[in-house]
Amino acid sequence: QVQLVESGGGLVQAGGSLRLSCAASGRTFSINVMSWFRQAPGKEREFVAGINRSGFSTVYADSVKGRFSISRDNAKNLVYLQMNNLKPEDTAVYYCAAKAYGVVTTTLQYDNWGQGTQVTVSS
């Protein structure tokens, strides 16, 4: 059993930055892959970025490459999403997701999900 709690969302102007955090608790030793997804109103949930336990494997959606950076602190059971040069189209609820095995994947096949944190980017 793993619990995930996101934080760090809020309102920011276009071009600004935010850092999202995801705190994992419970059976954190079972986590290999952690990823961020987002969902805007009326749209499907989409993959944003993912990272494996070592941190050597990272995957980014084309829409955020060069602007977002994912990292994790295994000792503190935290994963971060640094978001720079934010655009209005980045507005969405951002979700943290985790799974025990395998590589970073862009599908919704993850074992655990957080409750989400709202990110709103104004123009």
Side-chain angles (χ1 to χ4, degrees):
Q1 191 72 33
V2 174
Q3 295 80 45
L4 304 173
V5 179
E6 303 96 333
S7 62
L11 176 65
V12 65
Q13 292 186 346
S17 299
L18 284 173
R19 188 180 74 163
L20 305 183
S21 298
C22 176
S25 60
R27 299 178 67 253
T28 57
F29 56 86
S30 68
I31 299 174
N32 184 39
V33 175
M34 299 189 73
S35 296
W36 289 93
F37 291 76
R38 67 186 182 187
Q39 186 168 24
K43 299 182 65 177
E44 296 182 342
R45 189 170 299 188
E46 64 176 355
F47 174 83
V48 177
I51 188 169
N52 71 345
R53 184 183 298 276
S54 69
F56 292 152
S57 178
T58 56
V59 180
Y60 295 93
D62 289 340
S63 59
V64 305
K65 286 181 179 178
R67 299 188 298 120
F68 291 11
S69 179
I70 188 171
S71 61
R72 67 190 296 175
D73 185 336
N74 292 330
K76 297 181 178 180
N77 298 314
L78 293 172
V79 63
Y80 305 100
L81 184 68
Q82 179 66 47
M83 306 185 295
N84 299 321
N85 191 25
L86 283 161
K87 304 175 180 179
E89 51 263 44
D90 295 319
T91 296
V93 176
Y94 283 70
Y95 297 91
C96 180
K99 64 177 181 177
Y101 304 107
V103 298
V104 176
T105 56
T106 61
T107 66
L108 299 178
Q109 300 303 313
Y110 283 73
D111 300 320
N112 303 96
W113 293 84
Q115 82 289 347
T117 185
Q118 177 71 49
V119 172
T120 302
V121 183
S122 62
S123 60

**Item:** Donor-acceptor under 3.5 Å (Glu6 side chain, Cys96 main chain)
**Value:** yes
**Asked** What's the shortest heavy-atom distance between Ala92 and Ala40, and which atoms?
**Response** CB-N, 3.8 Å
**Prompt:** With sequence neighbours left out, which residue pairs that include part of residues 38-65 fulfil the ring pair (Phe, Tyr, Trp, His ring centres under 6.0 Å) condition?
**Reply:** Phe37-Phe47
**Message:** What I'd like to find out is whether the side chain of Thr91 reaches to under 4.5 Å of the side chain of Gln118, using heavy atoms alone.
**Reply:** yes
**Request:** Considering non-hydrogen atoms only, spot the tightest contact between Tyr110 and Trp113 and give its length.
**Result:** O-NE1, 3.7 Å
**Request:** Indicate yes or no for a side-chain donor-acceptor contact from Asn32 to the backbone of Gly102 under 3.5 Å, with no hydrogens or angles considered.
**Result:** yes
**Asked** Where do Met34 and Cys22 come nearest, in terms of heavy atoms and distance?
**Response** CE-SG, 4.0 Å
**Prompt:** Can you list the residues that meet the side-chain hydrogen bond (donor to acceptor under 3.5 Å, both in side chains) rule with Arg19, with sequence neighbours excluded?
**Reply:** none
**Prompt:** Which heavy atom of Gln82 sits nearest a heavy atom of Ser17, and at what distance?
**Reply:** NE2-CB, 4.0 Å
**Co-membership, hydrophobic cluster, residues Trp36 and Val2, 4.5 Å side-chain** = yes
**Message:** Quick check: is Tyr95 connected to Phe68 through a chain of hydrophobic side chains (ILVMFWY, heavy atoms under 4.5 Å apart)?
**Reply:** no
**Shared hydrophobic cluster, Val64 / Ile70 (ILVMFWY, side-chain heavy atoms < 4.5 Å)** = yes
**Transitive ILVMFWY side-chain link Val79 to Val93, under 4.5 Å** = no
**Request:** Just jot down the salt bridge (charged side-chain N to carboxylate O under 4.0 Å, His left out) partners of Glu46, sequence neighbours excluded, or say none.
**Result:** Arg38
**Item:** Qualifying residues under side chain to side chain contact (heavy atoms under 4.5 Å, CB included), relative to Val119, sequence neighbours excluded
**Value:** Leu18, Leu20, Met83, Tyr94, Val121
**Prompt:** Taking only residues two or more places apart in sequence or in another chain, which ones pass salt bridge (charged side-chain N to carboxylate O under 4.0 Å, His left out) with Arg67?
**Reply:** Asp90
**Item:** Residues in side chain to side chain contact (heavy atoms under 4.5 Å, CB included) contact with Ser7, at least two apart in sequence or another chain
**Value:** Ser21
**Message:** Among residues at least two apart in sequence or on other chains, which ones pass side-chain hydrogen bond (donor to acceptor under 3.5 Å, both in side chains) with Ser57?
**Reply:** none
**Item:** For Val33 against Ser35, the heavy-atom pair lying closest together
**Value:** CG1-OG, 3.9 Å
**Asked** What's the verdict on side-chain contact (heavy atoms from CB on, under 4.5 Å) for Val5 and Gln115, showing C-alpha distance, side-chain angles and the deciding distance?
**Response** CA-CA 7 Å; Val5 179; Gln115 82 289 347; 4.1 Å; yes
**Fill in**
Students should find that the hydrophobic cluster of Leu11, defined by side-chain heavy atoms under 4.5 Å apart, otherwise consists of none
**Message:** Lys87: which residues meet the salt bridge (charged side-chain N to carboxylate O under 4.0 Å, His left out) condition with it, sequence neighbours left out?
**Reply:** none
**Request:** Give me the other members of the hydrophobic cluster that Tyr80 sits in, counting Ile, Leu, Val, Met, Phe, Trp and Tyr linked by side-chain heavy atoms under 4.5 Å, directly or via other members.
**Result:** Leu78
**Request:** Name all pairs fulfilling the salt bridge (Lys or Arg N to Asp or Glu O under 4.0 Å) condition that reach into residues 68-82, sequence neighbours left out, sorted by first residue then second.
**Result:** none
**Asked** Is Tyr101 atom OH crowded by more than 12 heavy atoms from other residues, nucleotides or ligands, each under 6.0 Å away?
**Response** no
**Message:** Going by salt bridge (Lys or Arg N to Asp or Glu O under 4.0 Å), name the pairs with one or both residues in residues 107-123, residues two or more places apart or in two chains.
**Reply:** none
